[in-house]
Amino acid sequence: MSLPTSLIVQKFGGTSVADSEKILAAARKAIRAQQQGHQVVMVVSAMGKNTDLLIGLAGEITDRPSAREMDMLLSTGEQVSVALMAMAIQSLGHQAVSLTGAQIGIKTDSIHTKARIKSISTERMQRLLDAGNIVIAAGFQGIDEDFNITTLGRGGSDTTAVALAAVLGATACEIYTDVDGVYTTDPRVLPEARRVDRISYEEMLELASLGAGVMHNRSIEFAKKFSVPIHVRSSLSDAPGSVIGTQVESDAQSVSGAALLKKEARITLMGVPDVPGTSLEFFSRIATRNVSVDMIVQNVGEEGKADISFTIPSDELDVTMEAVGAAREIVPVDDVTHDQHTSKVSVVGLAMARQTGVAERMFRALADADVNIQMITTSEIKISVLVDQDAAQQALRAVHKVFELEKPPEVLAAGNQPVEAAGPTNPADVVDRLRGVDMEQLTIDDVLLDASQGRITIGRVPDSPGMAAKVFEEVAAAGIFVDMIVQSYTGHPDGARLSFTVPRKTLDESVDVVRRLAASFNCGSVSSSPSIAKLSVSGVGLRSHTGVAIRMFRALAEANINVQMINTSEVRVNVVVDGEQGELALAKLQAAFADVLR
Ligand code: ADP
Ligand code: ASP
Ligand code: MG
């Protein structure tokens, strides 16, 4: 008998193993795949809402359970499922062996409840597979150097699945869940959302970290880094599902998806001394508490003082405020305000980088829906706005509609293969890349300097719906391409501060347009600078690695370089500094990331 040549990983989420019938149905899917000639590794989550129940139990004992004991507790959920799944397969007359993360040898760091995978040994799994077993791996868990059980963060079973697919050189990683694929936005929030046939890694990475809970964002970091094709499909039907890979669905669409992060908290540091190193004091203290800071909006200062706003998951507000308090002892700021009732709405699309007018369409749709924009931040492939939580769903619906996401694209991207034919991983290639590296280690592809742009800042923009729309409509009407946009929340009753960058040759024209508008809408003064330098650090998973922005701030602060604007995405962090300091900043950043530059 010839050995099977292909291996697939099938992951079943909580609802897909919620009761014994569903477990048996999942078992049959795995057996079918084995009978088709594949070796099969299953990754399973805790049954139904078990993880939530366990978290609730801990909460009945204490408000602040230790993270180590949380991991000990939560890992039991998956242990129950793997055992039952193995029994199910055996009862159907096939061989199966269940393994915990520790038994597989999934080594992680020691950041309990948010651990990162360092390495995975394949030897035991391969031996069991070669002996004809279906291997059933507990999702979401691993073990640190001292044999403590760790977990990877909520939704982390996806990451286990993609990581196993990477190390085993699987031809595919199938994610079976309670929806039949990836949608243009969460179909439970907007029923008009549309299933997409395919979506690129970059887009899914952004969407996942911006709120599309269908995939754990770190699983997509793995998939991109190790070229694992992912196939998201329903555990209840044989519908075709969606492929996450290197291709986009359509070249013609500027936006491919929208996402909502409902529970965000905003923190604003008011009157921060506008000198190098101040942000560092705050963000480094937040990073040591392992909170990922999300939208960081730092705007050009006025009278020697700047305001910095950022968002964090609202359940991490307390720990973040502690860090802010500690930093305030070193850096005096005028005031700190926070709002725990905000939501972030984002649109994502790879094609956005080449098109004008995307931002203004989004802002117009929000204005027409009477939604006030509190903060704006953009990157090459996404635009995010912060809005009041009560306006969040309305805002999501408005942007979904304006980009016609409910309609299938008229033109598909050239060279799109049928969904079934997603290219396999090349195992040799992956094994090569895995040699001697931490699997989830930060990798930086590039540090770049763009000295071709100028900046415009509007001092005070009235805090009412429609202002951003008007500004960017006028700028777009003049045919000017806008790159970075940053609108900060100032907390001042007289409005927000709005900065953006444009190609230097269009700066004068842009300033004219903006001055005219500012005068008619009673905005504050308009300032501009023809000499700015935009520095970009690009790689994978830059936001989930809390230290990236810190490293940048530190390197620049040490060289006495002040940061004027900043924006972040999963694949890039951009900062704007004075044009004269561009070359120096580039050299400092290259040195700061030398150890992780590929
Ligand atoms: P599982 O337990 O299988 O991991 P999850 O609940 O983690 O399932 O993920 C599936 C859910 O993700 C869906 O039920 C859906 O409500 C939600 N979701 C959020 N954004 C999207 C999206 N863009 N496409 C599809 N589902 C989404
Ligand atoms: N059971 C874990 C959770 O609910 C992991 C997962 O399902 O992916 O977050
Ligand atoms: Mg999930």
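- For residues 160-179, every residue pair satisfying the salt bridge (charged side-chain N to carboxylate O under 4.0 Å, His left out) rule, not counting sequence neighbours, is listed here: Glu174-Arg233, Asp178-Arg188.
- In summary, Arg195 and Asp197 engage in a salt bridge, as defined by a charged side-chain N under 4.0 Å from a carboxylate O.
- Counting only distance, with no hydrogens or angles, the side chain of Thr113 and the backbone of Ala67 share no donor-acceptor pair below 3.5 Å.
- At least one donor-acceptor pair under 3.5 Å links the side chain of Gln141 to the backbone N or O of Gly101.
- Formation of a donor-acceptor pair under 3.5 Å by the Thr311 side chain with backbone atoms of Met295 is found in this model.
- Listed for the Asp438 side chain is no donor-acceptor partner under 3.5 Å among the backbone atoms of Glu440.
- Under a 3.5 Å cut-off, the side chain of Ser110 and the backbone N or O of Asp144 do not form any donor-acceptor pair.
- A ring-centre distance under 6.0 Å is found for Phe283 and Phe310.
- By the side chain to side chain donor-acceptor pair (under 3.5 Å) test, His112 pairs with Asp71, sequence neighbours left out.
- Residues Ser346 and Lys344 approach most closely at OG-CG, 3.9 Å, considering heavy atoms.
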Tell me which donor-acceptor pairs under 3.5 Å the side chains of residues 22-33 have, and how far apart each pair is, sequence neighbours excluded?
| residue | atom | partner | partner atom | Å |
| --- | --- | --- | --- | --- |
| Arg32 | NH2 | Asp238 | OD1 | 3.3 |

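- Contact record, Ser45 with Ser81: O-OG, 2.7 Å, taken as the closest heavy-atom pair.
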